[in-house]
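Quick one: this structure, given as structure tokens, is what I'll be asking you about.
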Amino acid sequence: MSSSAEAPAFDPWRPSFVADPYPAYAELRERGRAHWFEPSRQWLIPRHADVGALLRDRRLGRTYLHRFGHEEFGRTAPPPEHEPFHTLNDHGMLDLEPPDHTRLRRLVSKAFTPRTVEALVPTIQRLAEELVDSLVAAGGGDLIETVAEPLPVAVIAEMLGIPPADRPALRPWSADICGMYELSPGEDTARRAVRASIEFSAYLRELIEARRTAPGDDLISGLIAAHDEGDRLTEQEMISTCVLLLNAGHEATVNTTGNGWWALFRHPEQLARLRADPDALLPTAVDELLRYDTPLQLFERWVLEDIEVGGTVIPRGSEVALLFGSANRDPARFDRPDTLDLSRTDNPHISFGAGIHYCLGAPLARLELIASFGALLRKAPGLRLVKEPERGTNFVIRGLRELRVEL
């Protein structure tokens, strides 16, 4: 059944656990390498070495449908009323396996070459400074709403060629769709995700049509051109790719900004170090903030062939939950893992994943974080917390709902 008794401390629906899951993770790591969690019917994998190895293991997949039908795999097909969400989700490269994943990733990676990302630096810098200027002019406000959210949404919308007037709808659509990535989402969550999937898909279908007749210098036009040149890419794959890029392209940055500033306010000595020498410290600081309180706490994989983890056989048809938050605090891999150390250089955190699904936008996310933290450190040196932040209820994609600051 399990390498240990069921883990009672792990409770992703309890607000106190979501606020601080790290003590429970320490207990899980201590007690073994694989734990059966009955409420979500998954195997929890808490240690860094195992999480890293399973992310690269081709006996696991983000989907099983490239090899098995639902019944053959011992699973039930999703309810028909959820179909718009699954159509959108299942055609994005995060939920595809080779050869479809390889084909899509090759096309999209053309937009994320080092040269392309480097060319975005002036735009990212300008946007970050404008947002911070507005916060400073107002004397403070909600850091999530004024800086953390608008910056990555603007950058990815710019890359996709989404007109500025249409951008306010993107974040709410994204939030509703991402609700389905939580453990055991309820019917309300599913209804919101289905509605957002239908609306977002319809919007992108129109935008793709407009780009066919009047192409621009953007990723959607590039995908259309690639399709016309013979790279097989269905319209659904194009739509799903755009949605994935928006969701993945800003969730990590938004939540790392919020979680990161909250960590800095709780570690004033580290914040003082960063303020004293931001240019030298920011590159390692951003990775340390990603490690210390990662925005993506858990990543799910299907077991396509029997595997063994620490003496526990996990059979085909099972689902594993790779605990990124726990792996990033594993003392077997990190020196003083519960200490925030902004100059940490030995830092193989897995906040961006590993293997074939490693985050394509990781270099872009780092640039955005360096730009926004840098602008805030320079332009708002006296930034301080007004009150304890309001935390979101989600566990898998974990962040703050609000972070009120003043100058």
Side-chain angles (χ1 to χ4, degrees), residues 1-12 24-78 86 89-105 180-185 296-328 330 332-333 348 350-359 395-396:
M1 173 70 163
S2 169
S3 63
S4 72
E6 195 174 308
F10 183 85
D11 185 354
Y25 289 158
E27 189 185 320
L28 282 177
R29 288 192 305 270
E30 196 95 343
R31 286 167 47 192
R33 291 168 57 186
H35 306 266
W36 175 249
F37 186 59
E38 181 61 37
S40 65
R41 303 198 58 75
Q42 292 172 318
W43 290 92
L44 306 178
I45 309 295
R47 295 189 188 175
H48 186 279
D50 293 325
V51 170
L54 292 180
L55 283 170
R56 296 171 173 89
D57 194 324
R58 302 307 303 132
R59 293 173 298 169
L60 289 89
R62 280 291 292 176
T63 182
Y64 53 79
L65 293 172
H66 60 309
R67 285 181 51 181
F68 307 99
H70 291 297
E71 273 184 39
E72 190 189 357
F73 201 62
R75 294 281 157 177
T76 311
H86 289 287
N89 184 68
D90 297 354
H91 287 82
M93 63 185 168
L94 184 63
D95 281 76
L96 289 171
E97 292 296 314
D100 290 326
H101 172 273
T102 314
R103 172 175 53 83
L104 267 181
R105 191 172 174 111
M180 285 295 270
Y181 305 135
E182 292 301 313
L183 296 180
S184 317
L296 182 64
Q297 289 284 318
L298 177 155
F299 193 68
E300 295 165 329
R301 303 290 296 276
W302 295 105
V303 180
L304 308 174
E305 297 168 32
D306 293 3
I307 58 170
E308 191 181 313
V309 179
T312 300
V313 174
I314 301 181
R316 186 190 94 173
S318 306
E319 191 177 31
V320 294
L322 306 176
L323 300 177
F324 282 16
S326 174
N328 281 345
D330 188 346
R333 184 57 193 86
I350 47 175
S351 299
F352 290 123
I356 66 165
H357 289 292
Y358 180 79
C359 176
F395 160 66
V396 174

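Any value given below was found using the heavy atoms of this structure, including those in side chains, with hydrogens, waters and symmetry copies removed. Residues: numbered from 1 along the sequence shown.
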>> Nearest 0.5 Å, please: how far is OG1 in Thr76 from NE2 in His70?
In response: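 His70 NE2 to Thr76 OG1: 9.0 Å, rounded to 0.5 Å.
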
> What is the distance from atom CZ of Arg33 to atom CG of Asp50, rounded to the nearest 0.5 Å?
Replying inline: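 Answer rounded to 0.5 Å: 4.0 Å.
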
> Within 45° of the axis and under 6.0 Å from the centre of the six-membered ring of Tyr358, does NZ or CZ of Arg56 qualify?
Replying inline: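 Relative to the ring axis of Tyr358, which defines the angle, Arg56 lies outside at least one limit.
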
>> My understanding is that only one of Trp302, Trp43, Phe299 makes a side chain to side chain contact (heavy atoms under 4.5 Å, CB included) with Val320; could you say which?
In response: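 Of the listed residues Trp302, Trp43, Phe299, the side chain to side chain contact (heavy atoms under 4.5 Å, CB included) partner of Val320 is Trp43.
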
>> So which atom in Pro39 and which in Ser184 form the shortest heavy-atom distance, rounded to 0.1 Å?
In response: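 Where Pro39 meets Ser184 most closely, the heavy atoms are O-OG, 4.0 Å.
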
> Just one of Arg58, Met93, Arg105, Arg62 clears the side chain to side chain contact (heavy atoms under 4.5 Å, CB included) bar with Ile356, so which one?
Replying inline: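 One option only clears the test, and that one is Arg58.
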
> Is it true that a side-chain atom of Glu182 and a backbone atom of Phe395 form a donor plus acceptor pair closer than 3.5 Å?
Replying inline: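 Such a contact is found between Glu182 side chain and Phe395 backbone.
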
>> If you define the side chain from C-beta out and look only at heavy atoms, does anything of Pro46 sit under 4.5 Å from Phe10?
In response: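 A side-chain contact under 4.5 Å is absent here.
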
>> Checking Gln297 against Tyr25: is there a side-chain donor and acceptor pair closer than 3.5 Å?
In response: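 Yes.
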
> Got a salt bridge between Arg67 and Glu72, using NZ or NE/NH1/NH2 to carboxylate O under 4.0 Å?
Replying inline: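 Here Arg67 does not pair with Glu72 in a salt bridge, since their nearest N and O are not under 4.0 Å apart.
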
> For atom CD of Glu308, is the number of surrounding heavy atoms from other residues, nucleotides or ligands below 6.0 Å larger than 12?
Replying inline: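 It does: Glu308 CD has more than 12 such atoms within range.
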
> Counting N and O atoms only, with roles assigned by atom type, does the side chain of Asp330 sit under 3.5 Å from a partner on the main chain of His48, one being a donor and the other an acceptor?
Replying inline: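 Yes: the side chain of Asp330 pairs with the backbone of His48.
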
>> Less than 4.5 Å apart, side chain to side chain, heavy atoms only: is that true for Leu28 and His35?
In response: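 Side-chain contact under 4.5 Å: yes.
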
> What is the minimum heavy-atom distance between Ile45 and Ala34, and which atoms define it?
Replying inline: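 Minimum heavy-atom contact is CD1-CB, 4.0 Å.
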
> Of all residues at least two apart in sequence or in a different chain, which pass the ring-ring contact (aromatic ring centres under 6.0 Å, His included) check with His101?
Replying inline: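 Testing His101 for ring-ring contact (aromatic ring centres under 6.0 Å, His included), a comparison that skips the adjacent residues, returns His357.
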
> At their closest point, which heavy atom of Ala9 faces which heavy atom of Glu27, and how far apart are they?
Replying inline: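 Heavy-atom minimum between the residues: CB-OE1, 3.4 Å.
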
>> Would Tyr181 and Leu296 count as a side-chain contact (heavy atoms from CB on, under 4.5 Å) here? Give the steps.
In response: CA-CA 11 Å; Tyr181 305 135; Leu296 182 64; over 6 Å; no

>> How long is the straight-line distance from CG of Leu298 back to CG of Leu183, given to the nearest 0.5 Å?
In response: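 Between Leu183 CG and Leu298 CG, I get 5.5 Å after rounding to 0.5 Å.
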
> Between Leu54 and Ile307, does a side-chain contact (heavy atoms from CB on, under 4.5 Å) hold up when you go through it step by step?
Replying inline: CA-CA 10 Å; Leu54 292 180; Ile307 58 170; 3.9 Å; yes

> How many angstroms lie between CG in Asp306 and CD1 in Ile314, if you round to the nearest 0.5 Å?
Replying inline: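 These two atoms lie 10.0 Å from each other.
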
> So, Ser351 versus Asn328: side-chain donor-acceptor pair below 3.5 Å or not?
Replying inline: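 The criterion, which ignores hydrogens and geometry beyond distance, is satisfied for Asn328 and Ser351.
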
> Could you state the interatomic distance from CG (Asp100) to CG (Asp95), rounded to the nearest 0.5 Å?
Replying inline: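 Between atom CG of Asp100 and atom CG of Asp95 there are 12.5 Å.
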
>> Would you say Ser326 and Arg29 are linked by a side-chain donor-acceptor pair, where the criterion is simply a distance under 3.5 Å?
In response: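 Side chains of Arg29 and Ser326: pair found under 3.5 Å.
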
>> Return the CG to CZ distance between Leu323 and Arg47, rounded to the nearest 0.5 Å.
In response: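 Answer for the CG-CZ pair, Leu323 versus Arg47, is 12.5 Å.
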
>> Assess the residue pair Arg41 and Trp36 against the criterion (side-chain contact (heavy atoms from CB on, under 4.5 Å)); give the C-alpha distance rounded to whole Å, side-chain angles, the decisive distance to 0.1 Å, and a yes or no.
In response: CA-CA 7 Å; Arg41 303 198 58 75; Trp36 175 249; 3.8 Å; yes

> Which heavy-atom pair separates Leu96 from His91 by the least distance, and what is that distance?
Replying inline: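 Here Leu96 and His91 meet closest at CD1-O, 3.8 Å.
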
>> With a 3.5 Å distance limit and no angle check, can you tell me whether Arg333 reaches the backbone of Ala49 through a side-chain donor-acceptor pair?
In response: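 Flag not set: sc Arg333 to bb Ala49 has no pair under 3.5 Å.
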
>> Closer than 3.5 angstrom, by distance alone: can the side chain of His86 be matched with the main-chain N or O of Pro78 as a donor-acceptor pair?
In response: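 Not at all, since once roles are kept as given, no pair shorter than 3.5 Å links the two residues.
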
> What pair of heavy atoms forms the shortest contact from Leu304 to Phe68, and how long is it?
Replying inline: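 Smallest heavy-atom distance, with atoms named: O-CZ, 3.8 Å.
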
> Would you say Glu97 and Tyr64 make side-chain contact, with heavy atoms under 4.5 Å?
Replying inline: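 Answer no - side chains too far apart.
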
